[in-house]
Amino acid sequence: DGRYEPPSLDARAAAGLEEALDAAGKAGFRDRCETKPAGVALHWRGAPDETIERLQRDVEPAWRRIADLRGLCLRPFDGGIEIRPPGRDKGTAVSTLLAENRQAFACFLGDDLTDEDAFEAIRGRGTGILVSRTNRRTAAAARITPPEGLLAFLERWLRETEG
């Protein structure tokens with residue numbers, strides 16, 4: 001219905017996410033952080049090798065300590081790491097949306113390891129599609145190659161839903 005209901009975080013988790021942002025800022029990488037409703041992602045995709053090495057040396061261990069202390073999860077993804085409370089992932093979001101829309105058929109397209117939870121959650125109610133140039137082990141039901149395969153899929157989806 002268009003409502004947005006942000007997840008509620010307990011004080012311990014919220015403090016941990018603030019500490020993670022502070023740790024990245026102290027290392028000079030606050031600009032590489034993406035604040036999410038229930039987590040923080042640190043991106044290094046496309047950065048020079050020496051920057052990636054510094055991020056992994058200076059920020060990742062600090063985040064690991066924060067995660068251990070605050071009961072948070074540290075998850076790698078293609079081009080970074082994410083810190084968040086356990087039980088909060090893309091699979092949770094997909095399950096919630098599908099429960100609210102029992103008649104819907106859905107597709108979830110993703111390109112990353114953090115999308116695997118959603119691929120598993122959508123099974124039986126829709127289709128998970130890995131968007132990747134390389135084949136890898138995945139819970140997705142199908143794979144398309146970007147950008148051509150992705151563009152073709154989206155164009156066909158639009159044609160089918162409009163007509």
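The shortest non-hydrogen separation linking Asp58 to Ala27 is CB-CB, 4.2 Å. Shortest non-hydrogen contact noted between Phe153 and Cys107 is CZ-SG, 4.1 Å. Shown here for Pro86 and Gly71, the closest heavy-atom pair between the two residues is CD-O, 3.2 Å. Of all non-hydrogen atoms in Phe105 and Gly126, the two that sit nearest each other are CE1-CA, 3.4 Å. In plain terms, the two heavy atoms of Gly128 and Ile122 that are nearest each other are N-CG2, 3.6 Å. The two residues Ile83 and Ala20 have their closest heavy-atom pair at CG2-CB, 3.9 Å.
The structure places CZ of Arg156 at 15.5 Å from CG of Leu151, a figure rounded to the nearest 0.5 Å. Rounded to the nearest 0.5 Å, atoms CG (Asp115) and CD1 (Ile129) are 12.0 Å apart.
In this structure, Asp111 contributes its side chain and Val131 its backbone to no donor-acceptor pair below 3.5 Å. Of the possible polar contacts, one joining the Asp89 side chain to the Thr92 backbone as a donor-acceptor pair under 3.5 Å is found. Judged by distance alone, the side chain of Arg123 and the main-chain N or O of Ala139 form a donor-acceptor pair under 3.5 Å. Of the possible polar contacts, none joining the Arg54 side chain to the Val59 backbone as a donor-acceptor pair under 3.5 Å is found. Using modelled atom types, no side-chain atom of Asp68 and backbone atom of Arg65 make a donor-acceptor pair closer than 3.5 Å. No donor-acceptor pair closer than 3.5 Å links the side chain of Arg45 to the backbone N or O of Gly80.
Grouping the Ile, Leu, Val, Met, Phe, Trp and Tyr side chains by contacts below 4.5 angstrom, directly or via other members, places Leu42 with Leu74. Hydrophobic clustering (side-chain heavy atoms under 4.5 Å, transitive across Ile, Leu, Val, Met, Phe, Trp, Tyr) keeps Phe77 apart from Leu130. There is no path of hydrophobic side-chain contacts, each under 4.5 Å, that joins Leu109 to Val94. In the hydrophobic clustering of this structure, Ile144 groups with Trp157; members are Ile, Leu, Val, Met, Phe, Trp, Tyr whose side-chain heavy atoms approach within less than 4.5 Å, directly or through other members.
In this view, Asp22 satisfies the side chain to side chain contact (heavy atoms under 4.5 Å, CB included) rule with no residue, not counting sequence neighbours. Ala141 meets the side chain to side chain contact (heavy atoms under 4.5 Å, CB included) test with Thr127; sequence neighbours excluded. Residues meeting the side chain to side chain contact (heavy atoms under 4.5 Å, CB included) test with Gln56, sequence neighbours left out: Trp44, Ile52, Glu60.
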Indicate every side-chain donor-acceptor pair of residues 28-35 with a distance under 3.5 Å to a residue at least two apart or in another chain.
{"residue": "Arg32", "atom": "NH1", "partner": "His43", "partner atom": "O", "Å": "3.2"}
{"residue": "Glu34", "atom": "OE1", "partner": "His43", "partner atom": "NE2", "Å": "2.7"}

Can you give the donor-acceptor pairs under 3.5 Å from side chains of residues 6-15 to other protein atoms, not counting sequence neighbours?
{"residue": "Asp10", "atom": "OD1", "partner": "Arg12", "partner atom": "N", "Å": "3.1"}
{"residue": "Asp10", "atom": "OD1", "partner": "Ala13", "partner atom": "N", "Å": "2.7"}
{"residue": "Arg12", "atom": "NE", "partner": "Arg70", "partner atom": "O", "Å": "3.4"}
{"residue": "Arg12", "atom": "NH2", "partner": "Leu69", "partner atom": "O", "Å": "3.0"}

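Of the listed residues (Arg75, Lys90, Arg84, Glu82), just one forms a side-chain hydrogen bond (donor to acceptor under 3.5 Å, both in side chains) with Thr114, and that residue is Lys90.
Leu21 is listed as a side-chain neighbour of Glu18, based on a closest heavy-atom distance under 4.5 Å.
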Applying side chain to side chain contact (heavy atoms under 4.5 Å, CB included) to Leu55 and Ile81, what does each step give before you reach the verdict? CA-CA 10 Å; Leu55 284 162; Ile81 56 172; over 6 Å; no
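Here salt bridge (Lys or Arg N to Asp or Glu O under 4.0 Å) pairs that include residues 133-150, with residues two or more places apart or in two chains, are Glu116-Arg136.
For Arg57, the CZ atom sits in a packed shell: over 12 heavy atoms of surrounding residues, nucleotides or ligands are nearer than 6.0 Å.
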